[in-house]
K.L.:
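Mind looking over this structure? Questions follow.
Any value given below was found using the heavy atoms of this structure, including those in side chains, with hydrogens, waters and symmetry copies removed. A note on names: the letters A, B, ... follow the listed sequences, proteins ahead of strands, and every chain is numbered from 1.
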Amino acid sequence: MPSKINSSMIETLIAGKTVDAVQKLYGQEVKPESISLQKTRPEFEGDLTLTVFPLTKISRKAPELTANEIGNYLAENLPEIKRFNVIKGFLNLVIDDNYYLRHFYQNLNIPNYGYTKEGDSKPVMVEYSSPNTNKPLHLGHIRNNLLGWSVAEILKANGKKVIKVNLVNDRGIHICKSMLAWQRWGNGETPESSGMKGDHLIGKYYVMFDQEYKKQLAELKTSGMSDEEAANQAPLMGEAREMLQKWEKQDAETIRLWKMMNEWVYKGFDETYKRLGIDFDKIYYESQTYLLGKKLVENGLKDQVLFRKDDDSVWADLTSDGLDEKLLLRSDGTSVYMTQDLGTAKLRYDEFEAEKMIYVVGNEQNYHFDVLKLVLKKLGYDWAENILHLNYGMVELPEGKMKSREGTVVDADDLMDEMYTTAKETTEQLGKSTDFTPGELDHLYHIAGLAALKYFILKVDPKKNMVFNPKESIDFNGNTGTFIQYTYARIQSVLRKAPPMPQGANNEKPVACLPKEKELLKLIYDFPAAVKLAGDTLSPAQIANYTFDLAKEFNQFYHDITILQEEDPIKKQFRIALAKFTGTVIKNAMHLLGIEVPERM
RNA sequence: GGUCCAGUAGCUCAGCUGGAUAGAGCAGCAGCCUUCUAAGCUGCGGGUCACAGGUUCGAAUCCUGUCUGGAUCACCA
């Protein structure tokens, strides 16, 4: 089925004229939005198809007749429509090649084609990544980072001012676990002394804590305790809780240890972000926002929108909204995840007054965001409406969820290493890049491997869970990032060999194009609409799928039709321009996915 | 148990604001490099769109129910 495009100019034009046609022919008012236009299926002649079934109620005539009447009206009143044919209730419209050609030459030399200039509306905030500082990044984080970064770029391309923010979860019981384990069993180990990346080193101690804690639980249970009793009384967990309290009381030694270990982690994260090609405009630290959150909670208590239980813990009652009671402060006074998120939201809103605050967070936290919005509203902040949880699906293994306990978590650094190696092996096998310098080769392996990885992740609808099979390496052929890169490199190769465009060549348009040429023209024409659709739906997958279609179409064109051997100079120049423009679109589209394109590969 | 999400080819995914005979890629098979990069192109095989009802001129798409899988309902984040 033909993919729907988000009303481009020509569609708006046709829909408008169709409204006129219905008015003239049948004397009734219809809304332009109700006009159903789609791309014509390839087996029929035409470019756009108007489905007239819904209009037959108004025309009170058979579908074919209605289609013909409207078709005649459009052909007479819209010079862009060259001819039409009718099959059942489908009105297939042939758009004049010149319409697309005009657009093509008008935009041919615009490097930012498809991007809208930044408007002066309020900014949009996009939060993504938001790692805990107790373990290294894994494949799930990669999806988060890529989605967040790409969505931000897509919004920019739609003319939005965007602020990319990261919220580092640098405090909480989870950090204390790593700290405790390091204190006990670390013997002063550092990234330098161990040769480990800081985030991996901390991760090691987090795992160690968990293992020891499990041992304690098992022992307590063999001595007759229930699960719950054991969990409450395991000494390690008690110590972790004590440490958290010390931390919140700003105990000097605890803070010192905390700072040191977090620094190790940040250094490790920075390396991974850099390699992934991800950046932020602003980084928030939970340790700096949770106090504001606590204050908000206290205010809520004063205003009696929150309540305190006998054990001193503080809660929000959300039962009237169909949810449960939600804990906001523990009985020992320390804060929880929700507490700091309240503070962070307030801080950000005060700082940017963003028209939208988009949180890129996994769908496992849907409930958290429902609660967050509700509590904020209870506290009297109407802007909570502007919070949008971009919830994406999990990355799963063929056998199910990744589990750190079973060691099935796919580490981000390892995966990027693998992609690099695969790119290297593939390139060497193909044996085409023999005249590259070592530096050029390194760069190629880097961007080719990353392209495969990024495209693999981003081509899937963010909302959906996706499957990654570690036993099969990510493909470089077919519907992949490297395929698209290859198409770009091919184009650049042609352009390097092409003669320079003569002066005034833009005025010499071909009279008519071949079908393959027209398909390319149409796809290029559609790019701005694809960017808009991706922006409206916050879905990089729209860009990925669009670009694949374009690359595939170009390769067919390239295969079937000669560019440089063409004897007619006008046709030859046109085809060179077509290749060039296709290259620009591929480059701009891939940029929105964070994928670099190579001049050669 | 409550709430939410998903189920499309052997595998990974498009298509889902209703439109024509449901599409790609991978994997399999068969072709195409003395011609602009074969990370490419062409062809073949492959489907009860989980199931059952309903709405409609028309349903993979909307509604209801069932089944299956997942998430969540923590003094974890």
K.L.:
Considering only atom C1', compute the distance from B:G10 to B:G47 and round it to an integer number of Å.
P.N.:
12 Å
K.L.:
Within the structure shown, what part of the strands sits under 4.0 Å from A:Met466 by heavy-atom distance: base, sugar-phosphate, or nothing?
P.N.:
sugar-phosphate
K.L.:
Given the structure, check if the side chain of A:Asp341 and the base of B:A77 hold any donor-acceptor pair shorter than 3.5 Å.
P.N.:
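Checked by distance alone, the answer is no.
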K.L.:
Using heavy-atom distances to pick each residue's nearest nucleotide on RNA chain B, tell me which of A:Asp475 and A:Val460 is more 5'.
P.N.:
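It is A:Val460 whose nearest nucleotide is closer to the 5' end.
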K.L.:
Between A:Tyr359 and A:Phe369, is the gap from one ring center to the other below 6.0 Å?
P.N.:
yes
K.L.:
Once side-chain hydrogen bond (donor to acceptor under 3.5 Å, both in side chains) is applied, do any residues pair with A:Tyr128, and if so which ones, sequence neighbours excluded?
P.N.:
none
K.L.:
How would you label the glycosidic angle of B:C73: syn (within 90° of 0) or anti?
P.N.:
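Glycosidic conformation of B:C73: anti.
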K.L.:
How is A:Ile173 classified with respect to the nucleic acid when contacts are heavy atoms under 4.0 Å: base, sugar-phosphate, or nothing?
P.N.:
sugar-phosphate
K.L.:
Would you mind reading off the distance between A:Leu50 atom CG and B:G18 atom P, rounded to a whole angstrom?
P.N.:
15 Å
K.L.:
Taking only the side-chain nitrogens and oxygens of A:Asn545, find out if one of them lies under 4.0 Å from OP1 or OP2 of B:G15.
P.N.:
no
K.L.:
Nearest nucleotide by nearest heavy atom, which residue falls closer to the 5' end of RNA chain B, A:His174 or A:Phe476?
P.N.:
A:Phe476
K.L.:
Need one value for A:Asn92: base, sugar-phosphate or nothing, where a base atom within 4.0 Å counts as base even if backbone is also close, heavy atoms only.
P.N.:
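Base, at least one base atom sits under 4.0 Å.
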K.L.:
Could you tell me whether A:Thr480 contacts a base, only the sugar-phosphate backbone, or nothing, with contacts defined as non-hydrogen atoms closer than 4.0 Å?
P.N.:
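Nothing, no heavy atom under 4.0 Å.
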K.L.:
Distance check needed: B:G19 P versus A:Leu48 CG, whole Å only.
P.N.:
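Taking atom P of B:G19 as the reference, CG of A:Leu48 is at 16 Å.
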K.L.:
Rounding to the closest angstrom, what is the interatomic distance between B:U21 and B:A59 at atom P?
P.N.:
11 Å
K.L.:
For nucleotides B:U66 and B:C5, find the distance between their P atoms and express it as a whole number of Å.
P.N.:
16 Å
K.L.:
Go through the structure and list residues passing side-chain hydrogen bond (donor to acceptor under 3.5 Å, both in side chains) with A:Arg241, not counting sequence neighbours.
P.N.:
none
K.L.:
Measuring only the P atom in each nucleotide, how far is B:A14 from B:A50? A whole number of Å is fine.
P.N.:
14 Å
K.L.:
Expressed as a whole number of Å, how far does the C1' atom of B:C63 sit from that of B:G2?
P.N.:
22 Å
K.L.:
Are any of A:Arg496's side-chain N or O atoms less than 4.0 Å away from OP1 or OP2 of B:U37?
P.N.:
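Checking A:Arg496 against B:U37: no side-chain N or O falls below 4.0 Å of OP1 or OP2.
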K.L.:
Please classify the nucleic acid contact of A:Pro398 as base, sugar-phosphate, or nothing, using heavy-atom distances under 4.0 Å.
P.N.:
nothing
K.L.:
Quick one: salt bridge (Lys or Arg N to Asp or Glu O under 4.0 Å) pairs with a partner in residues 456-484 of chain A, sequence neighbours left out?
P.N.:
none
K.L.:
Cation-pi between A:Arg171 and A:Tyr285: NZ/CZ under 6.0 Å from ring centre and within 45° of the ring axis?
P.N.:
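So A:Arg171 doesn't make the cation-pi contact.
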K.L.:
Could you tell me if the ring centre of A:Tyr420 sits under 6.0 Å from that of A:His446?
P.N.:
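No, too far apart.
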K.L.:
Would you say the ring centroid of A:Phe90 lies under 6.0 angstrom from that of A:Phe53?
P.N.:
yes
K.L.:
Ring stacking, A:Phe90 with base of B:A20, under 5.5 Å and under 30°?
P.N.:
yes
K.L.:
Looking at B:U37, B:C57, B:G23, which one has an atom nearest to any side-chain atom of A:Phe53?
P.N.:
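My answer, after comparing the listed nucleotides, is B:C57.
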K.L.:
Taking only residues two or more places apart in sequence or in another chain, which ones pass side chain to side chain contact (heavy atoms under 4.5 Å, CB included) with A:Glu519?
P.N.:
A:Lys522, A:Glu553
K.L.:
Sequence neighbours left out, what passes side chain to side chain contact (heavy atoms under 4.5 Å, CB included) with A:Thr427? Give chain and number order.
P.N.:
A:Ser433, A:Leu444, A:Tyr445
K.L.:
Separation of A:Leu533 atom CG from B:A14 atom P, in whole Å?
P.N.:
14 Å
K.L.:
Which residues satisfy the side chain to side chain contact (heavy atoms under 4.5 Å, CB included) test with A:His174, sequence neighbours excluded?
P.N.:
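A:Asn132, A:Asn134, A:Asn169, A:Tyr206.
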K.L.:
Partners of A:Phe554 by ring-ring contact (aromatic ring centres under 6.0 Å, His included), sequence neighbours excluded?
P.N.:
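For A:Phe554 the ring-ring contact (aromatic ring centres under 6.0 Å, His included) partners, ignoring immediate neighbours, are A:Phe557.
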K.L.:
Give me, pair by pair, the N or O atoms of the protein and of nucleotides 1-10 of chain B that are less than 3.5 Å apart, along with how far apart they are.
P.N.:
unit_1 : atom_1 : unit_2   : atom_2 : d
B:G7   : OP1    : A:Lys464 : NZ     : 3.4

K.L.:
With a cut-off of less than 4.0 Å, is there a side-chain N or O of A:Arg330 near OP1 or OP2 of B:A74?
P.N.:
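Looking at the OP1 and OP2 atoms of B:A74, neither is under 4.0 Å from any side-chain N or O of A:Arg330.
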K.L.:
May I ask you to say what A:Gln542 touches in the nucleic acid, namely base, sugar-phosphate or nothing, with a heavy-atom cut-off under 4.0 Å?
P.N.:
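Sugar-phosphate: the residue A:Gln542, judged by heavy atoms under 4.0 Å, touches backbone atoms but no base.
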K.L.:
Look at all strands and tell whether A:Thr49 reaches a base, only sugar-phosphate, or nothing, counting heavy atoms closer than 4.0 Å.
P.N.:
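Result for A:Thr49 = base.
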K.L.:
Can you check the distance between B:G58 and B:G31, where both ends of the measurement are the C1' atom (answer in whole Å)?
P.N.:
41 Å
K.L.:
As a test of reading the structure: which of B:U12, B:G40, B:U21 is closest to the side chain of A:Phe483, going by heavy atoms?
P.N.:
B:G40
K.L.:
Which residues satisfy the side chain to side chain contact (heavy atoms under 4.5 Å, CB included) test with A:Lys309, sequence neighbours excluded?
P.N.:
A:Phe307, A:Asp311, A:Ser313, A:Trp315, A:Glu325
K.L.:
Can you list the residues that meet the ring-ring contact (aromatic ring centres under 6.0 Å, His included) rule with A:Phe436, with sequence neighbours excluded?
P.N.:
none
K.L.:
Please work out if A:Arg600 contacts a base, only the sugar-phosphate, or nothing of the nucleic acid, heavy-atom cut-off 4.0 Å.
P.N.:
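It contacts base atoms.
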K.L.:
Just the table, please: protein N/O against nucleotides 29-36 of chain B N/O, every pair under 3.5 Å.
P.N.:
unit_1 : atom_1 : unit_2   : atom_2 : d
B:C36  : O3'    : A:Lys497 : NZ     : 3.0
B:C36  : O2     : A:Ile563 : N      : 3.4
B:C36  : O2     : A:Leu564 : N      : 3.0
B:C36  : N3     : A:Ile563 : N      : 3.1
B:C36  : N4     : A:Tyr558 : O      : 2.3
B:C36  : N4     : A:Ile561 : O      : 2.8

K.L.:
A:Asp461 near the nucleic acid: base, sugar-phosphate alone, or nothing, with a heavy-atom cut-off under 4.0 Å?
P.N.:
sugar-phosphate
K.L.:
Stepwise, does the salt bridge (Lys or Arg N to Asp or Glu O under 4.0 Å) test hold for A:Arg575 with A:Glu517?
P.N.:
CA-CA 8 Å; A:Arg575 286 175 197 163; A:Glu517 294 170 335; 2.7 Å; yes
K.L.:
What pattern of brackets, bars and dots sums up RNA chain B from 5' to 3', given Watson-Crick or G-U wobble pairs under 3.5 Å, [ ] for crossing pairs and | for another strand?
P.N.:
((((((((.[[[[.)...(...]]]].(((((.......))))).....[[[[[..)....]]]]])))))))....
K.L.:
Any side-chain N or O of A:Gln365 below 4.0 angstrom from OP1/OP2 of B:U72?
P.N.:
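It does not, given that no N or O in the side chain of A:Gln365 lies less than 4.0 Å from OP1 or OP2 of B:U72.
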